[in-house]
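Values below: every heavy atom of this structure, side chains too, minus hydrogens, waters and symmetry copies.
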Amino acid sequence: MKIRELVDRQAQAWEKHDFGIAAPDWLPGAELISPGGRVSAEEMQAAMEDHFKQFRDLRVTVKNVFISQDGAKAAIEWDWDMTRRRDGARAVTHDAIIVDLV
């Protein structure tokens with residue numbers, strides 16, 4: 001698996017509001033775990049749709065991708081740049097995640 005291609009698919013899925021682009025990379029029982037809660041792979045499309053009710057013009061910039069020596073985990077640093085619909089405010093969220101790879 002080429003990790004950068006996987007990461008780029010995830011970013012593209014969010015930018016295009018289409019989890020179908022990223023879904024093949026997720027195991028059926030996979031979850032996104034964040035401070036906001038848990039979202040299963042099955043619920044990701046709905047979570048995207050909810051997100052874009054509040055935000056628009058998302059651009060994801062991948063800054064760094066690291067793979068553990070055994071290839072079991074990846075760390076991704078990326079910026080999420082978007083506009084809030086209610087007031088047009090544009091902001092960048094600096095984010096990093098850890099991914100368990102199978």
Checklist entry - Val7, Ile97: one ILVMFWY side-chain cluster at the under-4.5 Å cut-off? => result yes
Next on the checklist: Please say yes or no: joined through hydrophobic side-chain contacts below 4.5 Å, possibly via intermediate residues, are Ile98 and Ile3 part of one cluster?
Outcome noted: no
Close side-chain approach of [X] to [Y], heavy-atom, < 4.5 Å:
X	Y	answer
Arg9	Asp25	yes
Met82	Val92	no
Ile76	Phe66	no
Trp14	Met48	yes
Ile21	Lys16	yes
Val39	Glu31	no
Val99	Lys73	no

For [X] and [Y], indicate whether the former's side chain and the latter's backbone hold a donor-acceptor pair under 3.5 Å.
X	Y	value
Arg59	Asp79	no
Arg85	Phe55	yes
Gln45	His17	yes

Checklist entry - With respect to Asp8, which candidate in Gln12, Glu5, Arg4 satisfies the side chain to side chain contact (heavy atoms under 4.5 Å, CB included) definition? => result Arg4
Next on the checklist: Over 60° means perpendicular and under 30° means parallel, so tell me whether Trp80 and Trp78 are parallel, tilted or perpendicular.
Outcome noted: perpendicular
Checklist entry - Should Leu32 and Arg38 be marked as a side chain to side chain contact (heavy atoms under 4.5 Å, CB included) after you check the CA-CA gap, both sets of side-chain angles, and the distance that decides it? => result CA-CA 6 Å; Leu32 170 68; Arg38 294 174 174 246; over 6 Å; no
Checklist entry - So which heavy atom on Leu101 is nearest to which on Ala74, and how close? => result CD1-CB, 4.0 Å
Next on the checklist: Can a side-chain donor-acceptor contact be found between Gln10 and Trp26 if the only test is distance below 3.5 angstrom?
Outcome noted: yes
Checklist entry - Between the side chains of Ser68 and Asp70, is a donor N or O closer than 3.5 angstrom to an acceptor N or O? => result yes
